[in-house]
Novice: 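Submitted below is the structure of interest, expressed as structure tokens.
Chain A is the first sequence line, chain B the second, and so forth, proteins listed ahead of strands; every chain is numbered from 1.
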Amino acid sequence: MNERYDFKEIEAKWQARWAAENLYKTPDFSDRPKYYCLEMFPYPSGKLHMGHVRNYSIGDVVARFKTMQGYHVLHPMGWDAFGLPAENAAIKHGNVHPADWTMDNIRTMRAQLKQLGISYDWDREVATCHPGYYKWTQWLFLQLYHKGLAYKKKAAVNWCPSCATVLANEQVKEGACERCKTPVEKRELEQWFFKITAYAERLLKDLELLKGWPEKVKIMQENWIGRSEGAEIRFKVADMDEEIVVFTTRPDTVFGVTYMVLAPEHPLVEKLVEGKPQSEAVRDFVRRVRNLNEIARTATDVEKEGLFTGAYCINPLNGERVPILVANYVLLEYGTGAVMGVPAHDQRDFEFARKYNLPIRVVIQPPGEELDPQTMTEAYAGDGVMVNSGQFNGLSKDEGIRAVIAYLEEKGLGRGQVNYRLRDWLISRQRYWGAPIPIIYCDKCGIVPVPEEDLPVLLPRDVEFKPTGQSPLADCPEFVNTTCPRCGGLARRETDTMDTFMCSSWYYYRYTSPREDKHPWDRARVDYWLPVDQYIGGVEHAILHLLYSRFFTKVLYDLGLVGIQEPFTNLLTQGMVLKDGAKMSKSRGNVVSPEEIVAKYGADTARLFILFAAPPERDLEWSDQGVEGCYRFLNRVWRLVASVAGGLLEAPPKPAGKLVGVNRQMHRLIHLTIKKVTEDIGNRFNFNTAVSAIMELVNALYQYKEVPETDRDPAVLREGIEHLLILLAPFAPHITEELWEATGHRESIHKQPWPAYDPEAIVEDEITIVVQINGRVRERVLVPAGITPAQMQEVVLAQPRVQKLVEGKQIVKVIPVPGKLVNIVVK
RNA sequence: GCGGGCGUGGCGGAAUGGCAGACGCGCCGGACUUAGGAUCCGGUGGGGCAACCCGUGGGAGUUCAAGUCUCCCCGCCCGCACCA
């Protein structure tokens, strides 16, 4: 065999052979237990970046490992292929069509994935921009529509002026567009929504089922859903036939209400100020606040500002007249857009009241303390006893909450209420490169869904991509003009397309039957493969994609289309790939391209480094020298195996009889390594320590090779080399396959069963135990392995060195830890 | 502000409450060599000639024993952010 490790030749050779032999093709069903290993599919942005390489290397180790363990593994790949960058490229360069741009990128990135040697079943590849796929995205939209879960409404929505489209709440980070960081604006638009809020409680509750998800992701979703319990209370407006409904988590403090605040956009504001001397000032204020963008509007450090409307409302519990104000700190979108002001027991109300000299009334007295509104420096939100609250005096906070709610319900003044921060999912996008929303508007019949047999509603190819703020499809008469499916009259198509998160909310079902054309998927196959056993991807999708996918799955369950309630049993969120302590980015100029690394060192080195440099959840610091180290290691493996490849298979596959000395030690290490690598991959996904165990095995095999041939057992050497290759195979599939062949094996290493360690092999006759005196290591003793704690103690105390050290001291206690150490406590 | 995570050699990182620093990088020394930035072997937390002592962000505590558990503090990272 070749003296040199020629990765270029080897990797090309095996990639071609694997493809020719369909090594990674997955039959639809099998008697073996199934395992669905899925990595988040990429947006085809151009070329792979290191984050992709990390994601897919991790997934590949898991898929290969599970396959070798005997599972029937589904490991597919596809493309989240609709989206803005394609369209932006078309706008920028003029002559490139988003479809062509996308397909070019897919070709490039598919080739790159193949170069990495990832074990995908490419026959199952899907692309969300393919009509055969988005037909079913549209079909699913219709199912939601028929179920009343897709609806159109006019609302103040997040508008990104740079992307020239609306965004879902989830796509707004710190008041700015998640994609381009442009501050978002509010626009009143009529848009399509999915009623995800109808599933808020289930999405929250079922987080408990997700035992295999990181706590962090579950907490983020929990916070995002933002459940809070309280009450809705109705305040009558004085001298007017109107009422203001507030949501509060503290109905026990209603007697402490000293004012009422409305959001500037609250629909009642105009009515309240009409004809009042305050009207102009209030209108000015509302206008000013509305013109601010989200960042300026919602930053916490913004000074609270408010104005009196001139109107009053009536506290339903004590009949008091309280002034109604408008203020910038009240949000229309949350609760009812109105807040009762209880300065004594809410910090925001407290600050606001101090600023505007509004009265502060204590209605909860903390234990062992007397709150005085004059001297208070902050609101008291804790538990205590109700005071100044009429019939409720003397109750605790929690008793008060229950009692007030009961009273409100009895008198018809309000009711207990659960509120969520989660809003409905806005799915309309004023862009071209997405799945058209399958809806037709007819002057006679109104909103008419496209009949299922007319799907897909195809995207027209020739469209002008001007970013005008409305969908480019609106300027395409051939697309817009149609006939009403109901009355046959002239009608217009919906021109907005769907949020691409809709496309990615169901792709993991499609992989099971990617070319099915009568249904979105084959039910038997979905029932067989789903849920995904292991999902792997970046934590940036903790809310967006993962929440939407959970929502979709629950809807599909309710529609009877799937039999599962949660799509992803186990989730692994991989850390970022950093260079010089920062995320790789073009603007920072610290990008390392996978292409260059693969060209210089090969795919096996690239994969190995990425898996070795850090555990998968943690951020990974890129190191060129670290890559060199992994390359050196593979060369070392190459030379080791090359030096013994010749007659390796002439030895028996495993040693027979009782082994002694170096042979026994080597045999033992082989099995310890099998144990460690199996546990590190299988139980904890600690690939870095698995690799280091394999490195130790290689170091030991080098030593063993130097042992004179007369003292060496060729069966042990064979066992060591073969297991080294098998254990390394999921990490470095090409070099191990080549060496496997070079040592005389006929069948692919990737079809070999994962080895089990022999418990007999790892037992020891003698062990070294540590002797501590007052917790400090003072001696080591070699003892028989089966020694009892009492014997351990005896042996240790008999050691001359121990006797010397405890001489003249009193032994207070001796603690033997079986098989490990003995600690002697002396005074 | 709230929630979560992290802090260990020169660096990436190992350590079911039981020998801190596995493995790799870097560095130092040696071997081979005309030469090597290839390869192989050895060394490598700090102090001390040594016995020993000191060391896991800082401080306290629990324990025979703490990187690991508890409390307080400091620093960095991530998420949410006036959510009533």
Side-chain angles (χ1 to χ4, degrees), chain A residues 173-175 214-224 226-228 230 246-250 253 261 263 297-304 327-331 333-342 345-349 351-352 381 419-423 539-540 542-543 575-576 578 581 608-609 612-615 617-630 632-633 635-636 639 676 686 688-699 702-703 706 768-780 812-826:
Chain A
K173 301 276 170 203
E174 290 169 12
E215 216 45 46
K216 166 177 140 153
V217 173
K218 288 191 276 187
I219 289 168
M220 282 167 74
Q221 292 211 353
E222 196 179 313
N223 291 342
W224 189 261
R227 182 183 201 274
S228 65
V246 299
F247 172 76
T248 177
T249 54
R250 296 296 303 276
T253 63
V261 219
R297 176 75 194 275
T298 58
T300 0
D301 49 8
V302 168
E303 178 82 3
K304 289 180 179 44
N328 60 352
Y329 76 94
V330 179
L331 306 171
E333 304 88 56
Y334 184 77
T336 60
V339 175
M340 59 183 213
V342 187
H345 305 293
D346 181 283
Q347 188 57 26
R348 292 156 305 190
D349 297 347
E351 287 163 21
F352 190 73
N419 219 339
Y420 301 91
R421 293 178 48 188
L422 183 70
R423 311 288 149 73
V539 73
E540 65 272 16
I543 294 173
M576 288 186 298
L578 310 178
L608 192 69
F609 167 72
F612 176 62
E617 296 92 339
R618 232 191 281 183
D619 287 349
L620 180 153
E621 174 68 26
W622 187 266
S623 154
D624 292 333
Q625 287 175 332
V627 178
E628 288 273 359
C630 288
R632 270 206 296 266
F633 168 71
N635 275 284
R636 206 166 137 75
R639 286 190 305 271
K676 173 140 182 79
N686 278 12
N688 55 332
T689 50
V691 172
S692 65
I694 296 171
M695 288 173 168
E696 287 179 80
L697 178 63
V698 169
N699 293 342
Y702 264 91
Q703 303 283 347
E706 294 310 308
T768 302
I769 59 169
V770 164
V771 183
Q772 293 185 337
I773 293 174
N774 288 345
R776 293 175 176 282
V777 181
R778 288 293 184 247
E779 181 64 308
R780 275 159 235 274
V812 182
K813 208 176 185 184
V814 180
I815 299 127
V817 180
K820 286 244 172 76
L821 60 71
V822 177
N823 190 10
I824 303 163
V825 186
V826 297

Novice: Using purine N1 to pyrimidine N3 plus N6-O4 or O6-N4 for Watson-Crick, or N1-O2 and O6-N3 for G-U wobble, both under 3.5 Å, which nucleotide pairs with U39(B)?
Specialist: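 Per the H-bond distance test, A31(B).
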Novice: Can you check the Ile815(A) CD1 to G18(B) P distance for me, whole Å?
Specialist: 14 Å
Novice: Between Tyr329(A) and Lys304(A), is there a cation-pi geometry (under 6.0 Å to ring centre, at most 45° from the normal)?
Specialist: yes
Novice: If the P atom of A50(B) is compared with that of U44(B), how far apart are they to the nearest Å?
Specialist: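 Here A50(B) and U44(B) have their P atoms 13 Å from each other.
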Novice: Measure from the side chain of Ala614(A), starting at C-beta and using heavy atoms only, and say which of C80(B), A84(B), G13(B) lies closest.
Specialist: G13(B)
Novice: Using whole Å, report how far CD of Glu696(A) lies from C1' of G21(B).
Specialist: 13 Å
Novice: Taking the P atom of each, how far is G1(B) from U70(B), in whole Å?
Specialist: 24 Å
Novice: Return the value, rounded to whole Å, for the distance between atom CG of Asn635(A) and atom C1' of U39(B).
Specialist: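 Atom-to-atom, Asn635(A) to U39(B), this comes out as 10 Å.
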Novice: On the nucleotide G5(B), are OP1 or OP2 found under 4.0 Å from the side-chain N or O atoms that Lys216(A) carries?
Specialist: no
Novice: Nearest-Å distance, CD (Gln772(A)) to P (C52(B))?
Specialist: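 To the nearest whole Å, that distance equals 15 Å.
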Novice: Using purine N1 to pyrimidine N3 plus N6-O4 or O6-N4 for Watson-Crick, or N1-O2 and O6-N3 for G-U wobble, each under 3.5 Å, what pairs with A20(B)?
Specialist: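 In the structure as shown, A20(B) has no Watson-Crick or wobble partner.
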Novice: List the steps and the verdict of side chain to side chain contact (heavy atoms under 4.5 Å, CB included) for Phe247(A) and Thr249(A).
Specialist: CA-CA 7 Å; Phe247(A) 172 76; Thr249(A) 54; 4.0 Å; yes
Novice: Name the residue closer to the 5' end of RNA chain B, choosing between Thr689(A) and Val539(A) according to the nucleotide with the nearest heavy atom.
Specialist: Thr689(A)
Novice: Side chain of Lys173(A), heavy atoms from C-beta onward: which of C23(B), C64(B), G79(B) has the nearest atom to it?
Specialist: G79(B)
Novice: For G24(B) and G18(B), measure between their P atoms and round to the nearest Å.
Specialist: 24 Å
Novice: How about Arg778(A) and Ile824(A): do any of their side-chain heavy atoms sit closer than 4.5 Å?
Specialist: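 SC-SC contact between Arg778(A) and Ile824(A) ruled out.
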Novice: How close or far is atom C1' of C76(B) from atom CG of Asp619(A), stated in whole angstroms?
Specialist: 12 Å
Novice: Arg421(A) and Asn223(A): side-chain donor and acceptor closer than 3.5 Å?
Specialist: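 Note: Arg421(A) and Asn223(A) side chains miss the donor-acceptor criterion.
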Novice: Is there a Watson-Crick or G-U wobble partner for A60(B) with both distances under 3.5 Å, and which nucleotide is it?
Specialist: U70(B)
Novice: Roughly how many Å apart are G58(B) and G48(B), using the C1' atom of each and rounding to a whole number?
Specialist: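 Between the two C1' atoms, the distance is 27 Å.
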Novice: Hey, is the side chain of Ser228(A) poking within less than 4.0 Å of OP1 or OP2 on A84(B), counting only N and O atoms?
Specialist: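 Result: yes.
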Novice: With rounding to whole Å, what would you report as the distance between A38(B) and A14(B) at their C1' atoms?
Specialist: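 Straight-line distance between the two C1' atoms is 29 Å.
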Novice: Of all the choices, C23(B), C41(B), A14(B), which nucleotide is nearest to the side chain of Arg618(A) once you look at every atom?
Specialist: A14(B)
Novice: Under 4.0 Å between a side-chain N/O of Arg421(A) and OP1 or OP2 of A84(B), yes or no?
Specialist: no
Novice: Could you tell me the Watson-Crick or G-U partner of G48(B), where both distances fall under 3.5 Å? Say none if there is no partner.
Specialist: none
Novice: Using the C1' atom on both, measure C49(B) against U56(B) and round to a whole Å.
Specialist: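 So the two C1' atoms sit 29 Å from each other.
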Novice: Minimum heavy-atom separation for Val342(A) and Asp349(A), please, with both atom names.
Specialist: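 Distance-wise, the nearest heavy atoms are N-OD2, 2.9 Å.
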Novice: What's the closest nucleotide to the Asn699(A) side chain, out of G24(B), C19(B), C40(B)?
Specialist: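 The listed nucleotide nearest to Asn699(A)'s side chain is G24(B).
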Novice: Regarding C82(B), can its base be found pairing with the side chain of Lys304(A) as donor and acceptor, where the two atoms are less than 3.5 Å apart?
Specialist: yes
Novice: Can you see which heavy atom on Gln221(A) is nearest to which on Ala542(A), and at what distance?
Specialist: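 For Gln221(A) and Ala542(A), the tightest heavy-atom pair comes out as NE2-O, 2.9 Å.
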Novice: So which nucleotide does G1(B) pair with, by the Watson-Crick or G-U wobble rule with both distances under 3.5 Å?
Specialist: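 Across any shown strand, G1(B) pairs with C80(B).
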Novice: What is the distance from CG of Asn823(A) to P of A66(B), rounded to the nearest Å?
Specialist: 10 Å
Novice: Hunt down the Watson-Crick or G-U wobble partner of C25(B), both distances under 3.5 Å, from any strand shown, or write none.
Specialist: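 Across all strands, the one nucleotide that pairs with C25(B) is G10(B).
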Novice: Starting at the 5' end of RNA chain B and moving along, which residue's nearest nucleotide shows up first, Arg632(A) or Asp346(A)?
Specialist: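 It is Arg632(A) whose nearest nucleotide is closer to the 5' end.
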Novice: Could you give the distance separating G59(B) and C74(B) at their P atoms, to the nearest angstrom?
Specialist: 15 Å
